[in-house]
Participant: 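Submitted below is the structure of interest, expressed as structure tokens.
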Amino acid sequence: MSDPRRAAFYARPVLEVAPDLLGCTLRHGRTGGRIVETEAYHEDEPACHAHIGLTPRTRTLIGPPGVAYVYRSYGIHALLNVVTDHDGVGAAVLIRALEPLEGIETMRSRRGGVRDRDLCSGPGKLTQALGLWLELNGSPLEGGPIAIEPPPPGASPPVIVTGGRIGITKAAELPWRYCDAGSTGVSRPWPAAMRAAR
DNA sequence: CATGGGATTGACT
DNA sequence: GTCAATCCCATGC
């Protein structure tokens with residue numbers, strides 16, 4: 001099961017889905033990029049929003065898989081997750097970085113003059129570059145405005161390295177961050193295994 | 001009803 | 001390296 005266009009792709013444990021998304025193409029409108037960094041979150045560990053149970057905020061996260069969970073971070077940024085596992089289990093993959101592929105001019109105008117390599121090199125950056133906002137919370141990833149597709153034919157497969165998750169204070173020791181060591185688009189700081197591989 | 005804390009980023013020293 | 005911006009929502013009184 002490696003085709004994200006099939007619903008069963010998302011109805012799996014989050015630790016399987018998170019690495020499988022590396023190399024796939026994320027699209028919104030005429031903008032899109034190759035997913036090069038993800039993180040897994042699960043209700044059993046305290047860094048996950050769903051750890052506290054069902055609230056208005058966590059309804060999407062705990063609901064059926066295969067939809068987008070978009071929330072506001074630090075009052076400023078929108079962060080994109082894909083919901084995984086079964087209905088009733090709070091688990092999702094945070095999309096942390098892309099390598100820009102399509103609609104680069106549009107991304108540049110939305111991102112205000114940063115270097116091309118920084119257009120999507122962070123979870124808040126990529127939502128801005130793709131024009132993803134909070135209204136897309138709950139959108140299906142099949143037949144909706146957001147699409148995730150398998151790697152294009154001939155694309156080099158991701159070199160997957162893992163590390164601790166970024167920017168959290170709880171359960172940061174879990175190695176649930178997945179990066180493509182072959183990409184320069186990964187957000188800082190790079191995991192130790194990735195620095196060693198370069 | 002008041003308060004506090006982020007799954008971040010960009011500007012500045 | 002430090003730090004402020006900014007707002008939703010969970011929590012506590």
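Throughout, protein chains are lettered first and strands after them, A, B, ... in sequence-line order, and every chain is numbered starting at 1. The basis for the numbers below is simple: all heavy atoms, side chains too, and nothing from hydrogens, waters or symmetry mates.
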Participant: Return the value, rounded to whole Å, for the distance between atom CZ of A/Arg165 and atom P of B/dT8.
Facilitator: 11 Å
Participant: Does the structure show a Watson-Crick or G-U wobble partner for C/dT11, both distances under 3.5 Å? Name it, or say none.
Facilitator: B/dA2
Participant: Just how far, in rounded Å, is C1' of B/dG10 from CD of A/Gln128?
Facilitator: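 Answer to the nearest Å: 11 Å.
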Participant: Both A/Gly75 and A/Thr58 contact DNA chain C. Which one's nearest nucleotide lies toward the 5' end?
Facilitator: A/Gly75
Participant: Taking only side-chain N and O atoms of A/Arg111, does any of them lie within less than 4.0 angstrom of OP1 or OP2 on B/dG10?
Facilitator: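 Looking at the OP1 and OP2 atoms of B/dG10, one of them is under 4.0 Å from a side-chain N or O of A/Arg111.
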Participant: For the side chain of A/Arg57, counting heavy atoms from C-beta on, which of C/dT11, B/dA7, C/dC9 is nearest?
Facilitator: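 Of the options given, the side chain of A/Arg57 lies nearest C/dC9.
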Participant: Mind calculating the distance between CZ (A/Arg115) and P (B/dG10) to the nearest angstrom?
Facilitator: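 Result: 11 Å.
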Participant: Could you measure the distance from the CZ atom of A/Arg96 to the CD1 atom of A/Ile35? Nearest 0.5 Å is fine.
Facilitator: 13.5 Å
Participant: Over how many whole Å does the gap from A/His51 atom NE2 to B/dG5 atom P extend?
Facilitator: 18 Å
Participant: What nucleic acid atoms does A/Ile168 come within less than 4.0 Å of, heavy atoms only: base, sugar-phosphate, or nothing?
Facilitator: sugar-phosphate
Participant: What nucleotide among C/dT6, C/dA10, B/dA7 has an atom nearest to a side-chain atom of A/Leu79?
Facilitator: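 Of the candidates, B/dA7 comes closest.
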Participant: With rounding to the closest Å, how many angstrom separate the P atoms on C/dT11 and B/dA7?
Facilitator: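 The same atom, P, in both gives a distance of 14 Å.
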Participant: Distance check needed: C/dC9 P versus A/Leu134 CG, whole Å only.
Facilitator: 9 Å
Participant: Output the rounded distance in Å from NE2 (A/His49) to C1' (B/dA7).
Facilitator: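 It works out to 6 Å between those atoms.
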Participant: Output yes when at least one side-chain N/O atom of A/Arg72 is less than 4.0 Å from OP1 or OP2 of B/dT8, else no.
Facilitator: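 Checking B/dT8 against A/Arg72, no side-chain N or O comes under 4.0 Å of OP1 or OP2.
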Participant: What's the closest nucleotide to the A/Lys125 side chain, out of B/dA7, B/dG10, B/dG6?
Facilitator: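 Given the options B/dA7, B/dG10, B/dG6, the side chain of A/Lys125 is closest to B/dG10.
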Participant: Could you tell me whether A/Tyr41 and A/His49 have their ring centroids closer than 6.0 angstrom?
Facilitator: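 No, too far apart.
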Participant: From C-beta outward on A/Tyr41, which listed nucleotide comes closest to its side chain: B/dT8, C/dA5, B/dA7?
Facilitator: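 Closest nucleotide to the A/Tyr41 side chain: B/dA7.
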Participant: Rounded to the Å, how far apart are A/Asn137 CG and C/dC9 C1'?
Facilitator: 14 Å
Participant: Would you please confirm or rule out a distance under 4.0 Å between OP1 or OP2 of C/dA10 and any side-chain N or O of A/Thr55?
Facilitator: yes
Participant: Please check if any side-chain donor atom of A/Glu99 sits under 3.5 Å from a side-chain acceptor atom of A/Ser183, or the reverse.
Facilitator: yes
Participant: Assess whether a salt bridge exists between A/Arg30 and A/Glu102, defined as any Lys/Arg side-chain N lying under 4.0 Å from an Asp/Glu carboxylate O.
Facilitator: no
Participant: Rounding to an integer number of Å, can you tell me how far A/His77 NE2 sits from B/dG6 P?
Facilitator: 16 Å
Participant: Determine, for A/Glu105 against A/Arg110, whether the closest basic-nitrogen to carboxylate-oxygen distance falls under 4.0 angstrom.
Facilitator: no
Participant: Heavy atoms only, 4.0 Å cut-off, all strands: where does A/Arg96 land among base, sugar-phosphate and nothing?
Facilitator: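 Sugar-phosphate contact only.
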